[in-house]
A.B. asks: 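Got a structure for you, questions after.
Sequence lines set the chain letters: A, B, ... in the order given, protein chains first and strands last, and positions in each chain run from 1.
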Amino acid sequence: MLDQRFDPAEAETRLYKAWEARGCFKPSGDTSAQAYSIVIPPPNVTGVLHMGHALNNTLQDVLVRFERMRGKNVLWQAGTDHAGIATQMVVERQLAEAGNESRREMGRDAFVDRVWAWKEESGGAIVGQLKRLGASCDWSRLAFTMGDRAEPDNNMMRAVTKVFVELYKKGLIYRDKRLVNWDPHFQTAISDLEVDQREVNGHYWHLRYPLADGVTYEHPVKDEDGNVTGTETRNYIVVATSRPETMLGDTGVAVHPDDERYAGLVGKFVELPIVGRRVPIIADDYANPEKGSGAVKITPAHDFNDFEVGKRAGHTPLNILNATAHIVDGADADAAGIPADYRGLDRFDARKKVVETFEALEMLQEIENLKIEQPFGDRSNVVIEPWMTDQWYVDAKTMAQPAIAAVKEGKTRFVPENWEKTYYNWMDNIQPWCVSRQLWWGHRIPAWFGPNGSIFVCNTEGDAWASLLREEERPFTQDPSSREVTIPHSELAWVLSRFSPSARSLLEENESDPDASDPTDLMLNSAILRSSGRIEEFRKEVLKQDEDVLDTWFSSALWPFSTMGWPDKTPELETFYPTATLITAFDIIFFWVARMMMMGIEFMGEVPFKDVYIHALVLDEKGQKMSKSKGNVMDPLELVNEYGADALRFTMGRMAGQGRNIRLSKQAVESNRNFATKLWNAARFAEMNECGAPGEIDFAKVTSPVNRWVLGELDACEAEATKAIEEYRFNDAAGALYKFIWNVLCDWYLELIKPLLMGMDDTAKQETRDVCGYVLDETLKLLHPFMPFVTEELWERRAAGRVDEQGFLMLQSWPQYDIARDAGADDEIQWVIDLITEVRSLRNDLGVPAGSKIPLSLVNAGPVIEDRAYRHEDILKRIARLEDIVVSEAVPDGAVSTVVGETVVALGIADQIDVAEARNRLDKEIGQLDKDIMSTEKKLGNEAFVSKAPPEIVEENRERIVDWTGRREKLKAARKSLEDL
RNA sequence: GGGCGAUUAGCUCAGUGGUAGAGCACUGCCUUCACACGGCAGGGGUCGCAAGUUCGAACCUUGCAUCGCCCA
């Protein structure tokens, strides 16, 4: 006997383990079946499951379970990404909390060891959380963007290196010195996408820059209304800035070429306070006459716009900040003329000091308070500085072209379609992608810096050495598989003595000639160098690998093929690339979707996925983004614990309408938990009534109308759910299932069959038990993708031992029926439902006591209706609480009548009710019919409508009038019979 | 400033040209032999505003208003 309720806490873990143990999540391997694959958007290895993940993975799991049941060979590729900054941050914080030595104190190798150790131990907790949700990923193929440390030659590592090297060879990756978004906290460059532009309360400081050489000009003076009333003589020019400290690096002041106020000043100079630098006033369109004073200071080394202006004016940028956003010291400071008391100051202290100095000089004209857009690091939350550095860039503009074309040509389709626009918009305006990061946790950039500024971008260090030696025309041998290079001792001495300063000075100390080339001398040099035991150190001076690592998204961009074994030619790649669908949120279109498109097309020659389904964001119930600072974060695992994974999943599914955000509330989850209970109790009812698991049903042999009807309804539900899932209308699929299970199966079918199950007709009873059991089992299949746990549990519990014989529900075939709906049965059951509903409504409205049984007469109903009434007498009496059902020629005395279909139905309740209320009720309905009939008649009286509207619509309206008029007449008669009471 | 989207019942949302819908909440009745995490019945909307197209507009067009998101 089933308990009264499903216990998710007990069942979910048990069922999940059983599925996993039996390998249910792996591809079937059936090569004759259609392949279907999805790659998981890899969560951060540091991540914890949030609502976005819960939605994202629920939808993927629905698709994957659905397609698996449809017999496809399904791979849901699992994995996590290494999340460079985030992970490094986590481990650094741990070190600090434990009072251990810092990352820099412990050194790179030790730190990276530490991160790996952390990853092995506690990284990827999110995998366990995804399992709680029921995600049926193939965990045996769990991938990681950094590969497997125990296997240094793993394909994930090789893939990244190969892509970098090949793009470099094609000129699609290059090194460049330009302004980057610099994160002073992590001391790394970050990409545009990792910068959050936030509106904050800020200031514009209006600074007066003294004009050099005694120059003055007439500046217009305005009154309160903005009218120019005269001019004043100024020996300064005013510039407004939100970052006063950058004035230390100014190289000029720009005004608009058409700005008459300053026309005479172009070509003159200002003398910068503090640094005492003389910089020119230039004309440039960038200056906006409407904004501030119309004159703008130019700091090319610390502002993206100023950089361009400076370039046009031929200014050399002056760097005034170091990597930690302190004012520079040393040579840079000398070049910029920075006074000693500014050197080494934090940028915000420097700002304060600059402002104070201007104030003291009486050169601070005004402080304006206003909202300004300020860039913040999305991980560090510190203000980002534009900073000039050498970085590696991907030529995204070139790579974007085929990626744009692929969508235009329909090779990849966005669902909903309008996300295409976002994609195009981004792709059309794409900027060079800065892929290097000054971090330690990540894929080391496969580039080696050699002598005289040479750079070798190679798959291995051996290849880099080979390239160098080849360039220098020195002999060597290289192992074809390991790529390791063997260099003769004398040749190594030749190279080291020329390119390693340390080797050179060692030789000089030993009074040997570093520039020797005679074989005997080289042997001697070699002996000296080797005996020092510092060969490795010397070699590293000659060829030094780039210290930097790649942006995490660089490796994520390869995800759809790297996870399948690329660059090796694997069966998985052959079978499962390109993937069917990518499911993700819109905020990742730029970061990830676009980049996968580029890389997939470049290296696989084919788009990585056919469909991209963009789902909603999950917001709180007020429509606010969930965030820790707002304190409105809902934890999916808490909801799973409280209501079960099925409830959360079904809530997500029901709310996942295309193009809509999801406002999640606890209440919604609760109501879907109740839905699971409802289903559970339907099964409990079946169990009590010995409705077993017949397996198959021959529709043609089913005789009872109610059974024929419910099979037709099941068929319709299946058709709708199937189509909806195929079209990514998850909410429609879930809605159809909800409606069928609750409003058809439970509300009506199970009620209607009670008399049959308790009756004496054994044939009908057996048929009903079979159909009921069958429909329930089929329902479990249909609901399984959304609610895997409760359905799987019922599958087993409804027929003991079934799993051993037939396997898990999750591996059953998706239903597809071939049932011709029986219109006669449908009409009949609909009539029963209508009659019951009408009687209930009347009883309620007129206040007939719930318990009292009343007589019902069918007035002049005709043989068909009488027949129906007879057939369903038991159920009618039971649900409508009728004493008996009789056929009569007229409305009996003391009866209140109404109309069901075309039949007048009379209830013998006049003695129990308020007759006035009964009249009132009828008047109300007759009044409504009057109104409806009149407006429809008016419509039909309209010449234009009749001639122009489609004939079937006109006909529909005519039929409506006939129906309504007939009904109205009968209601009027009923009303009349109440007159006499 | 550019782009995208939203505006329908108290709340959350379906509904893309032909009689305005669901869930939740609310009201009343019911501890009826699957389920009170339940059953039955009911109240509640001039579909943001205005103009236009059309025989007919929640739906198409234009404008406006308000809100949200993305990008600069």
A.B. asks: Who is the Watson-Crick or G-U wobble partner of B:A6, with both distances under 3.5 Å?
C.D. replies: B:U66
A.B. asks: Do the side-chain N and O atoms of A:Asn707 and A:Tyr749 include a donor-acceptor pair separated by under 3.5 angstrom?
C.D. replies: yes
A.B. asks: When you compare B:G63 with B:C55, how far apart are their P atoms, in angstrom units rounded to a whole number?
C.D. replies: 24 Å
A.B. asks: Across all strands, who's sitting opposite B:C60 as a Watson-Crick or G-U wobble pair, both distances under 3.5 Å?
C.D. replies: B:G52
A.B. asks: Check A:Glu925 with A:Arg921, please: is the shortest side-chain N to carboxylate O separation under 4.0 Å?
C.D. replies: no
A.B. asks: Could you say whether A:Lys924 or A:Glu751 is positioned toward the 5' end of RNA chain B, judged by the nucleotide with the nearest heavy atom to each?
C.D. replies: A:Glu751
A.B. asks: Rounded to the Å, how far apart are A:Glu642 CD and B:C37 P?
C.D. replies: 14 Å
A.B. asks: With a 3.5 Å limit on both atom pairs, tell me what B:G38 is paired to, counting Watson-Crick and G-U wobble, or say none.
C.D. replies: B:C30
A.B. asks: Using modelled atom types and a 3.5 Å cut-off, is there a donor and acceptor pairing between side-chain atoms of A:Asp3 and backbone atoms of A:Arg5?
C.D. replies: no
A.B. asks: Quick check on RNA chain B: between A:Trp748 and A:Lys948, whose nearest nucleotide comes earlier from the 5' end?
C.D. replies: A:Trp748
A.B. asks: Nearest to the side chain of A:Trp964, which nucleotide is it out of B:G18, B:A34, B:U19?
C.D. replies: B:U19
A.B. asks: For the side chain of A:Asp747, counting heavy atoms from C-beta on, which of B:C40, B:A36, B:C55 is nearest?
C.D. replies: B:C40
A.B. asks: Applying a 3.5 Å limit to both distances, which nucleotide forms a Watson-Crick or G-U wobble pair with B:U19?
C.D. replies: none
